[in-house]
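Protein chains get the first letters and strands the later ones, always in sequence-line order, with residue 1 at the start of each.
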Amino acid sequence: MSNSQIAAALTELADLLELLGENAFRVRAYRNAARTIESLPDEVTLLLDQSPHALLELEGIGKDLAQKISSLATTGQLDQLDEVRSQVPPGVVQMLKIPGLGPKKVATLWKELQVNTLDDLQAAATAGRVAELKGFGKKTEQSILEGISLAAEAGRRVLISIAREAAEQIAQSLRKVAGVERVEIAGSARRWKETCGDLDLLAIAADSTTAMDELSQHPLVSQVVARGETKQHVRLKSGIDLDLRVVPPESFGAAWQYFTGSKEHNVVMRRLAQEKGLKLNEYGLFRGEEMVAGTDEESIYKTLELPWIPPELRENRGEFHLQAPIDLIQPGDLQGDLHMHTTATDGAGSIEEMIEGARAAGLKYIAITDHSKRVAMANGLDSVRLREHWRKIDSIRQKTRGIEVLCGIECDILEDATLDLPDDVLAEADWVIAVLHYGLRQPAEMIEKRLLAAIQNPHVDCIGHPSGRLIGSRAPAEINYHTFLKAAQDYGVMLEINANPARLDLNDIQSARAKELRIPIVINSDSHHIHGFQVLEYGVHQARRAGLTKADVANTLDFASFRNLIRRNR
DNA sequence: GCCGTTTTCGGCCCGACTGTTTTCAGTCG
């Protein structure tokens, strides 16, 4: 198992144990271990190869967890996990996804009302039985009803990061099979959609049997749902479904185009073909019986008199108006990263470590932006500690070569629309990102007031993760994007695409609107550890889904130009 | 479950908020 899969298993175990009323500190130990494993630079299997005791060196991992992690890493199995899974109905675990419900409340619902599924819960809440429970009331009952759809949704789709990783891993092992010529990811994962409902792989193979056998036995696969000559449908242990299709080489482009979608994009494609007296399907583009294109995607688009359209744009959201090939931003275009944390607040890396991590990720400049004091749980900084932190950053950057470092702050926009730090402190910052963390459920007028107040503050350079959403688990704040974007444009405030795959906020649609208004976008990692910069890729693909080019993204500028942009906007 | 001892147990990050209570448990980040 990969590190993030091990981390997911440990997190699931923690959830289950918590529901079973296990000691909270024991549960925390599992969660801490999950985080530790997730942020390791090397795969656990590699560490174990180097030394069988390597895991014991890690903070927060003792004999017991080391043994469990090593079992997960080498066999993908953990008896304890299977055991507790059998004790808790899956529907009960899903209830944890309902905002406002934690393990205690869910356990009460499960035990007292015998609700085992989200449907059970909905029925109980509708009947008013939830409000009668001790510790529950009318408001809780109402918020449960509102949150159920969110939880149900979360169960059906997975984050793009989870989807891409599983798909790439399986594609890699299929590529090693004798006779397999080519394997590619298709579907929403190829379009880098925020979430994926299932995975699609496409292969060229002399003999489909060997490829399908390999897939059946893959450690990530739990069961084969269906298997035919050219198509195999499996379910992964993580609950995601995956389709593998084996196609002949001459049809590969057509199949790739077809199975990449989206459905809406393909409807238009087939209509355009029809208008030219052609027929498009997964086998090729045909005039009568004769195949006129289909070995590669480019030939299909070209025959339809279209430039090749990057997968991220294939949503029928205006991509057919493209006259010429569009040169979307690439991951390598980013030179800076303007949002990250250190051990001063809730990060895992020191200032020096984050600088080195950024350098290793190929970045030329960064801003260190720890939390302001309102985020007490993260040990947020007040004016005194922040100034001290900046002094420390300043002395370190004096000695640092090859990468520029800005003294920044991620400053909370408080519930009353004031900022968490006084103006005279913000004025000393090189870079200020203002964000909403609390009070996301306030009425739209209040959210608007808060965002506009932040934008109008002369020291604020950027609004970070504007909606505060966590995909699948926390709904976005209700934002009037029209006034919000207009204000950002008027006051020269940049907007962030937060690259954390659970955020991707601004979303693709609002990012496209920001581009139209020529509001500079910055794509930031929001790193909390030295390997956190890898997520920038997800932010870049989100930007690509919005049609952004290098010129639309401010942190593709060199440092001097970026610095000038900040100065000009202030 | 981990860790570090005043070394085999006792503590483990915490402040604010919400909705429930009538002094606080649970949730959030």
TODO: Could you tell me the separation between the CG atom of Leu65(A) and the P atom of dC12(B), rounded to a whole number of Å?
DONE: 20 Å
Task: Length of the line joining Arg374(A):CZ and dG15(B):C1', which is rounded to integer Å - done: 8 Å
- [ ] At under 4.0 Å between heavy atoms, which parts of nucleotides 20-29 of chain B does protein reach? Answer with one letter per nucleotide, 5' to 3': B base, S sugar-phosphate only, - none.
- [x] S-----SSSB
Task: Arg385(A) CZ to dC14(B) C1', straight-line distance once rounded to whole Å - done: 13 Å
Task: Pairwise C1' distance for dT5(B) and dC12(B), with rounding to whole Å - done: 14 Å
Open item on the list: Which label fits Tyr481(A) and Phe484(A): parallel for a plane angle under 30°, tilted from 30 to 60°, or perpendicular past 60°?
Closed with: perpendicular
TODO: Mark yes or no: Arg545(A) above the aromatic ring of Trp192(A), with NZ or CZ under 6.0 Å from the six-membered ring centre and no more than 45 degrees from the axis.
DONE: no
TODO: Would you classify Lys68(A) as touching base, sugar-phosphate or nothing, given that sugar-phosphate means primed atoms plus P, OP1 and OP2, and contacts are heavy atoms under 4.0 Å?
DONE: sugar-phosphate
- [ ] Determine the interatomic distance between C1' on dG11(B) and the same-named atom on dT6(B); round to the nearest Å.
- [x] 15 Å
Task: Interatomic distance at C1', dC14(B) relative to dC9(B), whole Å - done: 24 Å
TODO: Between dT20(B) and dA25(B), how far apart are the P atoms? Round to whole Å, please.
DONE: 16 Å
Task: Nearest-Å distance for atom pair CG/P, residues Asn32(A) and dC3(B) - done: 10 Å
Task: Check ion pair Glu132(A)-Arg129(A) (N to O, under 4.0 angstrom) - done: no
Open item on the list: Rounding to an integer number of angstrom, what distance separates dC3(B) and dC13(B) when you compare their P atoms?
Closed with: 13 Å
TODO: Please state how far atom CG in Asn23(A) lies from atom P in dC2(B), giving the value in whole angstrom units.
DONE: 12 Å
Task: Distance (rounded to the nearest 0.5 Å) between Cys411(A) SG and Asp420(A) CG - done: 5.5 Å
- [ ] Using the C1' atoms only, state how far dC2(B) lies from dT8(B), rounded to an integer number of Å.
- [x] 13 Å
Open item on the list: Tell me whether the side-chain N/O atoms of Arg28(A) come closer than 4.0 Å to OP1 or OP2 in dC13(B).
Closed with: yes
Task: Watson-Crick/G-U partner (both atom distances under 3.5 Å) of dT8(B) - done: none
Open item on the list: If the threshold is 4.0 Å, N to carboxylate O, is there a salt bridge linking Arg387(A) and Glu428(A)?
Closed with: yes
Task: Arg441(A): salt bridge (charged side-chain N to carboxylate O under 4.0 Å, His left out) partners, not counting sequence neighbours - done: none
TODO: Identify, with sequence neighbours excluded, every residue that meets side-chain contact (heavy atoms from CB on, under 4.5 Å) alongside Asp346(A).
DONE: His341(A), His371(A), Ala378(A), His528(A)
Task: Separation of dA16(B) P from Asn379(A) CG (nearest whole Å) - done: 13 Å
Open item on the list: I'd like the P distance from dG26(B) over to dT21(B), given in whole Å.
Closed with: 13 Å
Open item on the list: Return whichever of Phe25(A) or Tyr30(A) has its heavy-atom-nearest nucleotide of DNA chain B closer to the 5' end.
Closed with: Tyr30(A)
TODO: Apply the salt bridge (Lys or Arg N to Asp or Glu O under 4.0 Å) test between Asp394(A) and each candidate in Lys392(A), Arg391(A), Arg397(A); give the one that qualifies.
DONE: Arg397(A)
Task: Rounded distance in Å - CG (Asp412(A)) to C1' (dC17(B)) - done: 14 Å
